Protein chains: 2
Amino acid sequence: MDVARIAGVSQKTVSRVFNDEPYVSAELRRRVLDAAEELGYRLNNAARALASGRTRSIGVVTLGTALYGPASLIMGVERAVRDMGYALRVVNTVEGDPAGVVGAVDSLLDQGVDGIVISEPIDDGRDGDLAARLDVDVPVLVLGAPPFSAPRSLVAGVGADVMARTATEYLLDLGHVTVHHLAGPQRWFAARDRAQGWRSALVGHGRAVPPVIEGDWSAASGYAAGRRLASDGDVTAVFTANDDMAIGLIRALTEAGRRVPEDVSVVGFDDIPVAAYVTPPLTTIRQLFDVVAQDGIKRLVHTIENPQADPLPASEPPVDLVLRASTAPPPTRAPLGRGRRRTASRPDGCGPAPPAETMVPAQN
Amino acid sequence: MDVARIAGVSQKTVSRVFNDEPYVSAELRRRVLDAAEELGYRLNNAARALASGRTRSIGVVTLGTALYGPASLIMGVERAVRDMGYALRVVNTVEGDPAGVVGAVDSLLDQGVDGIVISEPIDDGRDGDLAARLDVDVPVLVLGAPPFSAPRSLVAGVGADVMARTATEYLLDLGHVTVHHLAGPQRWFAARDRAQGWRSALVGHGRAVPPVIEGDWSAASGYAAGRRLASDGDVTAVFTANDDMAIGLIRALTEAGRRVPEDVSVVGFDDIPVAAYVTPPLTTIRQLFDVVAQDGIKRLVHTIENPQADPLPASEPPVDLVLRASTAPPPTRAPLGRGRRRTASRPDGCGPAPPAETMVPAQN
DNA sequence: ATGAAAGCGCTAACAT
DNA sequence: ATGTTAGCGCTTTCAT
């Protein structure tokens, strides 16, 4: 090609220069670089991919939402992927999309990626046998879901159960007799994981396991759940599967005259940016999305580049319980009894909360 | 290739089948499809790109944040890009990243994209002359920033000034003498746009223009600003450049004993999912991210595929002011005067807010 | 340390 | 309606 001609070298030498291969004299390297500069030359990726059979790109399948968790995870993935010298291709699936995850993976495969990341897949019944319906010839990293019996598949970002258990146990330690759970949609593995951790904490302490209330991650669904829970005087503590729902829940409780945290304690999950500033500031589990993403991508790239080698071991993310003002010991007075208590009185349960914030870090 | 051999046709016929080109008999099409199925064949994108000179992919440069606005915009972009039959490549820039937008664009160009989307670029002084330092040979769509003198560049998602003006005028119409503004970081075009709209509303009504307070989009910065504003009795209305800051602001005001909306009205921007459920539910400007993204991408693809043709006209997004409970007429009593009034009293300004919510749609 | 030749799997342009 | 012939711009393999 042109650069080779102008520099007066062979095409292969140009290739060597641009691939940082050894065995090029400084002299030639200079000439090539100069010629390239002059021509505004850049390596053609398509040709490279065609000749080498590798695209140096990783595809990620994500849910098409701006939910804080998934969005943060994607940001972490992008960074990690780029740090490893790969390009990122993104496809998102929409809930209810007929093609679903399988279709998304397929389109990524069409595009010729070297590896695939599936972030927070949901189990809509069709994808249950994901592994079976997906024949993938590249390594796959599943984020926030159980492993998946493909040939070279990895998992990261599970462990929400431990975090959920920590949150629940914290509430029990405050003296609550039991803890209710406002769960995420159970089609999400992440939601099931959290419910599981909550349940195991209760069982482990010999407590009653109240029925789970299922939301859809939205503040609106938290609000709806809150209206139901508010009328049940036995409810003194709720562990919520994400912060948005916790905020909706708190609003409903407050409107119903049940003060948070005096009457009811609430723990969220995620530590979204506004969590410290809502009323009352939210006690919540902080997720370390970048750490999870980086660990996962490192292992994925390792598997891509060393097809034969054993996969790298996963690192366990720490558990961060951020203590703020939405939790307190249960009310000392006897519980309200079974009767419905629904007042229309103006709530006053949103007093000033200490800006103080305590961390209970790394439990594992 | 193999498929051609097995189907007993020429390679070109296979190509035609997979590109939905005309002039293939149903008979041959079947044979080709069968052979492909049997072999698990899929078009090789790299070869295709190499031969055709087009990659059918679009690259997007985004900020590496999970902020609701940018994240929503990206989701919209992904959807729109895929609907147009293109693949999406993503690179994010980190604030303070030495390479910045220019570097990101460059890496996209290396990857061989057909078009580029730059989402919410920030002007860090170095990128001021973006156009100059960026020589791009593909069409560029800039989202949420002023045009940009590259050969084939388009703009979408500006118009925040109109929305900001609407918000400000709404507060003036409620009877407030003036409106303060808690702005986003002025390196962001979006933040400047909103400040501009606010300013022009005040000037247009002959009102005093108070000094701008600059935040960083975070609830924390809104809280800090709120502590300052709370001590100024003249402040009865604040227009905030995003909802997160509004939430922080409200918390600070509330803690300082200034009730929202009785003493101070607050309008946010974005309509984040929890906006309707915080205390008090937030009056805010809703941004229609998908609409903006879709419109922009449509025009970008048009420019990619019709290099000679005139660009498609941009469509103006409507302005949606969502009325909730954080706004009210100013207090009827005389303003508190210039004196500092900082009480430590327990606030009670977070009463139940009507779930009702009114929309003031399309102002342009 | 450098180069020559072949070919990756497609599409473009031109037959037929 | 279908086939033929040339590359696209690299990397690979093998010489030198």
Side-chain angles (χ1 to χ4, degrees), chain A residues 1-57 85 87 109-114 137-138 304-305, chain B residues 1-57 85-87 109-114 137-138 304-305 307:
Chain A
M1 75 176 31
D2 283 353
V3 174
R5 261 215 348 272
I6 296 201
V9 301
S10 76
Q11 202 181 117
K12 177 64 226 191
T13 300
V14 176
S15 170
R16 281 204 254 265
V17 170
F18 278 93
N19 286 296
D20 283 322
E21 284 171 27
Y23 304 129
V24 193
S25 63
E27 151 71 3
L28 285 197
R29 167 166 274 121
R30 261 260 58 75
R31 290 218 315 258
V32 169
L33 257 20
D34 287 348
E37 169 81 7
E38 186 180 335
L39 268 51
Y41 168 81
R42 45 190 1 140
L43 261 174
N44 178 321
N45 234 283
R48 209 149 107 112
L50 177 57
S52 70
R54 290 189 38 207
T55 59
R56 290 172 179 76
S57 70
L109 255 19
D110 271 349
Q111 295 172 39
V113 295
D114 293 340
D137 44 353
V138 299
I304 290 172
E305 297 180 348
Chain B
M1 71 179 28
D2 282 353
V3 174
R5 261 212 351 270
I6 297 200
V9 300
S10 77
Q11 202 179 117
K12 179 64 221 188
T13 300
V14 175
S15 170
R16 282 203 255 264
V17 169
F18 278 92
N19 286 294
D20 282 324
E21 284 172 28
Y23 305 129
V24 194
S25 64
E27 149 73 3
L28 286 196
R29 165 165 277 122
R30 262 260 58 76
R31 290 217 319 256
V32 169
L33 256 19
D34 287 349
E37 169 79 5
E38 185 180 336
L39 268 52
Y41 167 81
R42 47 188 2 138
L43 261 173
N44 177 322
N45 232 280
R48 209 149 106 110
L50 179 57
S52 69
R54 293 190 35 209
T55 58
R56 289 173 180 73
S57 70
Y86 281 70
L109 255 19
D110 270 349
Q111 295 173 38
V113 294
D114 293 341
D137 44 354
V138 299
I304 290 172
E305 297 181 347

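Computed from a predicted structure; not experimentally measured. Order of the sequence lines fixes the chain letters, A, B, ..., with proteins taken first and strands second; residue numbering starts at 1 for each chain.
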Colleague: Please name all residues satisfying salt bridge (Lys or Arg N to Asp or Glu O under 4.0 Å) with B:Arg16, sequence neighbours left out, ordered by chain then number.
Modeller: none
Colleague: Given side chains that start at C-beta, do those of A:Arg30 and A:Leu33 come closer than 4.5 Å, heavy atoms only?
Modeller: yes
Colleague: Could you state the atom-to-atom distance from CZ of A:Phe18 to C1' of C:dT2 in whole Å?
Modeller: 17 Å
Colleague: Hey, does A:Leu43 have a side-chain heavy atom less than 4.5 Å from the side chain of B:Asp110?
Modeller: no
Colleague: Can you give one letter per nucleotide of nucleotides 11-16 of chain C, 5' to 3': B if a protein heavy atom sits under 4.0 Å from the base, S if only from the sugar-phosphate, - if neither?
Modeller: BBB---
Colleague: Which nucleotide, C:dG3, D:dC10, D:dA1, lies nearest any side-chain atom of A:Asn44?
Modeller: D:dC10
Colleague: Given atom CG of A:Leu50 and atom C1' of D:dT11, what is their separation to the nearest angstrom?
Modeller: 10 Å
Colleague: What is the distance, rounded to the nearest whole Å, between atom CZ of A:Arg54 and atom C1' of D:dT12?
Modeller: 15 Å
Colleague: Does A:Glu27 CD have over 12 foreign heavy atoms under 6.0 Å away?
Modeller: yes
Colleague: OP1 or OP2 of D:dT2 less than 4.0 angstrom from a side-chain nitrogen or oxygen of B:Thr13, does that happen here?
Modeller: no
Colleague: Touch check for A:Arg42, heavy atoms < 4.0 angstrom, all strands: base, sugar-phosphate only, or nothing?
Modeller: sugar-phosphate
Colleague: Side chain of A:Tyr41 only, heavy atoms from C-beta on: which candidate in D:dC10, C:dT2, D:dC8 is closest?
Modeller: D:dC10
Colleague: After noting the C-alpha distance and the side-chain angles of A:Val32 and A:Phe18, does the key distance pass the side chain to side chain contact (heavy atoms under 4.5 Å, CB included) rule?
Modeller: CA-CA 9 Å; A:Val32 169; A:Phe18 278 93; 4.2 Å; yes
Colleague: With the side chain counted from C-beta on, respond yes when B:Val138 and B:Asp114 share a heavy-atom pair under 4.5 Å apart, and no when they do not.
Modeller: no
Colleague: Take atom OH of B:Tyr23 and atom P of D:dA1, then tell me their distance rounded to the nearest Å.
Modeller: 7 Å
